[in-house]
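Counting begins at 1 with the first residue of the sequence.
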Amino acid sequence: MTARPIPRICSRLLLVVACALPAFSACAQAATNPDAPNAEIATASPAQLENAVVKIFSTIRAPDPFRPWSKAAPQDITGSGVVIEGKRILTNAHVVGYASQIQIQAKQGGDKISASVVAIARGIDLAVLKLDDESFFATHKAPQRANILPEIKDAVYAFGYPTGGTSLSITKGIVSRIEFVPYNYYTSGLRIQIDAAINPGNSGGPVIAGDKMIGLAFSTATNVQNIGYIIPNEEIELFLQDIADGHYDGKPAMFDSLQTLENPALRTYLKLDKSVQGMVVQKPAESTPSYPLKEWDVITHIGDTPIDDQGLIKLGPDLNMRFQYRVQQLAKNGKLPLTIIRDGKTQKIQLPVRASPPEMIPSLMDDYPSYFIVGPLVFSRATNEFRNLITGNAGTLNAYAYNGSPLVTKFGEAPEPNREELVVVSAPFFPHKLVTGYDNRFGSVIYSINDKPVRSLRHLVILLRDLKDDLVVIKFDQRISENIVLPRKELLAATEEILNDNGIREQGSKDMMAVWQSKVEK
């Protein structure tokens, strides 16, 4: 099986999501690391460029949201990577995410070398590997990375190991578009479109213009021929700067809902002069009095750069970009300078920015799901991955929506004071006499345990742990649902037997077992 990009999440945030970290301008000085040892950077000969590209073999053990005590069946995939400074390999996150085993092989073939992930960013689809045998880098040098964006129609060459052969493939094309777009998980970034063939297995391979790398291949357009996409060097540099301290923080972003100022009636309503241009705040990311943006504010400048009525800024004679692109040059210490017009008056504000909004239904990213089993019931927190249960089928989605399931009604909502996350029955009931006569509640959201509303998975474990009542009463958060009543002592006594019968080693994930085995909280 070959690597494919991870599904794009939250494309509905086209006007909402932006990214930011202190960085270089993509149009001036974006891409090469000035601190990289010169000895590690290859000169420009074609042979050395080819020598820097590796084939990656990964065995993926993805999470199984519906059997959270287990993992999905292993899948073998291949991708590509490129040597970078620091004796490292750069590739795509979707090539090595959840990998239980990774190996690389150079162009000349020979033995495969074991590797491991040292940093990964699902949002921008980048990852860095280290090798068990670093002597590999004595004969495989990092290519230079260009410090400016390519021009439209520049010739480019995509290097990699696509499906269908074992030798290095090089395809030629031109740059056809440069834009700032959503990637994954609320992350936006620069993207270069080329018409060179990029096929499964090319993911993570370098794209070269002239004698320098301009970015990393990462995906293709579906159902369209000869459209491939590159993560440009500016995004690579932001990622490498971020992980320099050993931890990936992510690209802070604006999460305010905005709309364009193109409609004349909207301009009249806001009493704006024709000279005023910008984006209108439809819904601020926060409703607290201290938050600097309010409904109907007009954002006219990001830093000193004017924003037009479509939310674009001009970067050159032939290059316009969504204004959120500037965030990654201007945000410092979690603050972004904006100029707004409110009630006819111009104000300068400092807007808080962060990597992702708090969500009641988050994504797993590169974690495995937490879970807890008691008797024949399996509980886990709701995640985007678990929601695939309903979003992949229109009929199921309609049924959940009609029943008022929070998996539908709370999607995209922030945690609430009395509800930090949703807890679901994440697997069908294990067969047992305790649940005889009850409908299987697989996929239902827990509302309360003995009339105490459940705030989180951790809270549910605490409630079950500390319960002294003879009966456990479970209520579900949906329009049409039966309640479940179970004898507490029998429920606890049956757990070990059920685990053994189903070949499950642990009653819960480590974090939940730590709660279950801790002292009673008062």
Side-chain angles (χ1 to χ4, degrees), residues 8-21 23 25-27 123-124 149 152 177-184 186-193 232 234-235 251-286 291-331 335-342 344 346-357 412:
R8 181 169 296 164
I9 304 294
C10 300
S11 60
R12 71 191 193 293
L13 298 175
L14 189 62
L15 291 177
V16 181
V17 182
C19 61
L21 271 178
S25 166
C27 297
I124 202 66
L149 282 169
I152 302 298
R177 183 181 295 167
I178 301 172
E179 54 192 346
F180 187 84
V181 298
Y183 273 65
N184 307 287
Y186 295 106
T187 300
S188 291
L190 282 175
R191 184 180 71 181
I192 299 174
Q193 178 181 315
E234 179 171 352
E235 299 300 334
K251 300 176 69 177
M254 291 175 61
F255 297 104
D256 312 275
S257 181
L258 310 176
Q259 64 185 82
T260 65
L261 189 52
E262 299 172 276
N263 187 274
L266 176 61
R267 182 179 294 275
T268 300
Y269 176 79
L270 295 174
K271 300 181 175 61
L272 294 176
D273 184 84
K274 290 183 179 180
S275 63
V276 175
Q277 290 190 316
M279 292 288 284
V280 181
V281 178
Q282 187 265 328
K283 185 178 181 181
E286 298 179 21
Y291 192 69
L293 281 181
K294 308 297 179 187
E295 185 182 18
W296 300 121
D297 284 350
V298 179
I299 304 174
T300 62
H301 292 73
I302 179 167
D304 296 326
T305 304
I307 302 169
D308 71 16
D309 288 345
Q310 297 180 14
L312 302 176
I313 57 174
K314 183 172 280 296
L315 297 181
D318 301 311
L319 184 60
N320 294 327
M321 198 81 69
R322 287 173 51 208
F323 83 91
Q324 289 95 332
Y325 164 67
R326 277 292 185 216
V327 181
Q328 59 194 48
Q329 287 100 38
L330 297 175
K335 299 288 185 180
L336 175 68
L338 297 174
T339 302
I340 65 170
I341 292 179
R342 178 183 300 162
T346 299
Q347 301 182 30
K348 291 186 179 296
I349 65 170
Q350 293 287 323
L351 185 73
V353 289
R354 54 191 173 189
S356 62

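- With rounding to the nearest 0.5 angstrom, the CD1 atom of Ile192 is 10.5 Å from the CD atom of Glu179.
- Residue Asp256 holds its CG atom at 11.0 Å from NZ of Lys294, rounded to the nearest 0.5 Å.
- Taking every heavy atom of both residues into account, Pro182 and Ser188 meet most closely at CA-OG, 3.4 Å.
- Paired with Thr346 under the rule side-chain contact (heavy atoms from CB on, under 4.5 Å), one option of Val298, Ile340, Ile341 passes, and it is Ile341.
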Requested in this report: Decide yes or no on side chain to side chain contact (heavy atoms under 4.5 Å, CB included) for Leu338 and His301, but give the supporting numbers first.
Outcome: CA-CA 6 Å; Leu338 297 174; His301 292 73; over 6 Å; no
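- The minimum heavy-atom distance linking Phe323 with Met254 is given by the pair CE1-SD, 3.9 Å.
- Taking CD1 of Ile307 as the reference point, atom CG of Leu312 lies at 10.0 Å (rounded to 0.5 Å).
- Under the side chain to side chain donor-acceptor pair (under 3.5 Å) criterion, Ser275 pairs with Asp273, sequence neighbours left out.
- Considering CG of Leu258 and CD of Gln324, their distance stands at 6.5 Å, rounded to 0.5 Å.
- The two residues Leu336 and Ala331 come nearest to each other via the heavy atoms CD1-N, 4.1 Å.
- Across every non-hydrogen atom of Pro352 and Lys335, the tightest pair is CG-NZ, 4.0 Å.
- Tested against Ser257, the residues Glu295, Gln282, Lys283 include a single side-chain hydrogen bond (donor to acceptor under 3.5 Å, both in side chains) partner, Gln282.
- A donor-acceptor distance shorter than 3.5 angstrom exists from the side chain of Arg322 to the backbone of Phe180, with no hydrogens or angles considered.
- Annotation: salt bridge (Lys or Arg N to Asp or Glu O under 4.0 Å) contacts involving residues 296-317, sequence neighbours excluded, comprise Arg267-Asp309, Asp297-Arg342.
- Between the Lys348 side chain and the Pro337 main chain, no donor and acceptor come within less than 3.5 Å of each other.
- With hydrogens and angles disregarded, a donor-acceptor distance shorter than 3.5 Å links the side chain of Tyr183 to the backbone of Leu190.
- With a 4.5 Å cut-off on side-chain heavy atoms, Val181 and Gln193 do not count as touching.
- Annotation: the span from Ile313 atom CD1 to Leu319 atom CG amounts to 9.0 Å, rounded to 0.5 Å.
- Separating the CG atom in Leu351 from the CG atom in Leu293 is a distance of 5.0 Å, to the nearest 0.5 Å.
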Query raised in the report: Where do Thr305 and Leu330 land on the side chain to side chain contact (heavy atoms under 4.5 Å, CB included) test, with the steps shown first?
Result: CA-CA 11 Å; Thr305 304; Leu330 297 175; 5.5 Å; no
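- Taking the side chain as every heavy atom from C-beta outward, Asn320 and Gln310 never approach each other to under 4.5 Å.
- Side-chain contact between Leu149 and Pro232 is present, with heavy atoms from C-beta onward closer than 4.5 Å.
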